[in-house]
Amino acid sequence: MPTPDAPLFHSLTPSDLTPAQWHPFLVGAVAPRPVAFASTIDAEGRVNLSPYSFFNAFSSNPPILVFSPANRVRDNTQKHTLQNVREVPEVVINICDFALVEQLSLASTEYAKGVNEFTKAGLTELASELVRPPRVAEAPAAFECVVEQIIELGQNNGAGNLIICRVVRAHFRQDILLPDANGIDPFKLDAVARLGGDWYCRASGSSLFEVAKPNRHIGIGIDQLPEHIRTSDVLTGNELGRLANIEHEALPTSEQVTEFRAEPMVAYLLNKHETEPEALQQQLTHLGRQFLAEGRLLEAWKTLLLSRGA
Ligand SMILES: Cc1cc2nc3c(=O)[nH]c(=O)nc-3n(C[C@H](O)[C@H](O)[C@H](O)COP(=O)(O)O)c2cc1C
């Protein structure tokens, strides 16, 4: 915990720092970032494969992926991937899953130009359908792309070069599809992402969770929560956000709240703490949080509304 006099934030101006000093703050905080292998070829047809985490999807229609090979901080030289897409403006973006992460890391080794990292990383080349660079057979998803534009973001060490890629064909392994094949099952994808330093994370199991999209309806917003809920010392920002994602019309009526007093767990608490209003309020808030955690929004609302009168 910071002492009362210590500033709450460590604030920096990037231009006051060397690229090497600034970089760990940037990649440590902008995290986790998806990781992909970019496969490219040079004018002589020699294949290159390298991982990139300055990478994401930026448009659905047109389907655009962007990644950024940076000029090396050490000596301001350019990555082979960048040199290749200048020579042959085509690339395959191969998604990395947990099973591939060590081979992905190995493929980042600075082998000499012309050395094929598919071979070095023990990965299999699969011929693409519409572009010349091969794709990674082991990757759960691969996007064949044409390079639309290369945007140099600077000339100095560490400057990024945005490679704007338009997807012309995509391949998704059958076993990662949702049962009706209309999308990707996140549990089956088993994606990995990169943070700062040598840290990665794995998007699987209990680290995956859902947040209901607020755009299906107009939620009341945190400012409209009853004051005793909005200013609670116990409810977290996530819990308030979940409570506030409810339409006015869906809020329980006062009759429904009164009826809820008969709900066995609520009745038990009302009875047990009949003469202890503070303990009752605490217990009802606790129960409300439990309902929220179970996704039982209306029950959470009724319990928390009851806690006001406790
Ligand atoms: C997971 C991971 C992500 C990386 N992301 C980037 C990145 O976004 N930009 C970059 O310039 N280098 C990145 N690198 C480093 C490059 O992969 C590395 O410099 C590689 O040697 C470049 O290969 P090339 O010269 O054959 O293109 C990353 C390395 C790893 C292991």
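Counting convention: from 1, in listed order, for ligands and their atoms alike. Residue numbers run from 1 in the order of the sequence given.
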In terms of side-chain heavy atoms, does N238 have a donor or acceptor partner in T236 at a distance below 3.5 Å? no
Spatial distance of atom CZ (F291) from atom NE2 (H286) [nearest 0.5 Å]: 11.0 Å
All heavy atoms of C201 vs all of P32, minimum pair found to be SG-CB, 3.6 Å
Determine whether the side chain, the backbone, both or neither of L82 has a heavy atom under 4.0 Å from any heavy atom of ligand 1. neither
Only heavy atoms of A70, strictly under 4.0 Å: list the atoms of ligand 1 that pass. 10 (C), 11 (O)
Any Q83 heavy atom less than 4.0 Å to ligand 1: no
Can you tell me the protein heavy atom closest to atom 10 (C) of ligand 1 and the distance? K79 NZ, 3.4 Å
Heavy-atom nearest option to atom 17 (O) of ligand 1, drawn from S50, P51, G114: P51
In terms of residue, atom name and distance, what is the protein heavy atom nearest to atom 8 (O) of ligand 1? F54 N, 2.8 Å
Hey, are N71 and Q155 close enough side-chain-wise for a donor-acceptor pair under 3.5 Å? no
Working to the nearest 0.5 Å, report the span between OG1 of T81 and CG of D42. 11.0 Å
Heavy-atom pairs closer than 4.0 Å: do any link ligand 1 to the side chain of T81, the backbone, both, or neither? both
Specify side chain, backbone, both or neither for Y111, according to which of its non-hydrogen atoms lie closer than 4.0 Å to ligand 1. neither
Sub-3.5 Å N/O-N/O distance, S68 and ligand 1: yes
Under 4.0 Å, counting heavy atoms only: does E117 come that close to any atom of ligand 1? yes
Flag P69 as yes when one of its N or O atoms lies below 3.5 Å from any N or O atom of ligand 1, and as no otherwise. no
Mind telling me whether F143 and F172 have parallel, tilted or perpendicular rings, with 30° and 60° as the class edges? perpendicular
With a cut-off of 4.0 Å, which atoms of ligand 1 are near a heavy atom of R72? 25 (O)
Check each atom of ligand 1 against the heavy atoms of L104 and keep those under 4.0 Å away; list them by number with element. 1 (C)
Out of A193, S108, A112, A159, whose heavy atom sits nearest atom 18 (C) of ligand 1? S108
Nearest protein heavy atom with distance in Å, relative to atom 7 (C) of ligand 1: Y52 CD2, 3.3 Å
With the threshold set at 4.0 Å, does a side-chain nitrogen-carboxylate oxygen contact exist between E227 and R308? no
Using a 3.5 Å cut-off on N or O atoms only, is R194 in polar contact with ligand 1? no
Just by modelled atom types, is the H273 backbone N or O under 3.5 Å from a matching donor or acceptor in the E276 side chain? no
Per-atom filter on ligand 1: closer than 4.0 angstrom to a heavy atom of V35 are 1 (C)
Looking at NZ of K79 and CG of N48, how far apart are the two atoms once the value is rounded to the nearest 0.5 Å? 11.0 Å
Starting from atom 25 (O) of ligand 1, locate the nearest protein heavy atom and write down its residue, its atom name and how far away it is, to 0.1 Å. H80 N, 2.8 Å
Are the aromatic ring centres of F67 and F55 under 6.0 angstrom apart? no
So, D190 and R202, do they make that salt bridge, N to O below 4.0 Å? yes
Around atom 5 (N) of ligand 1, find the nearest protein heavy atom and jot down its residue, atom name and distance. S53 N, 2.9 Å
of all protein heavy atoms, closest to atom 1 (C) of ligand 1 is Y200 OH, 3.2 Å
Within a radius of less than 6.0 Å around CD of Q174, do more than 12 heavy atoms belonging to other residues, nucleotides or ligands occur? no
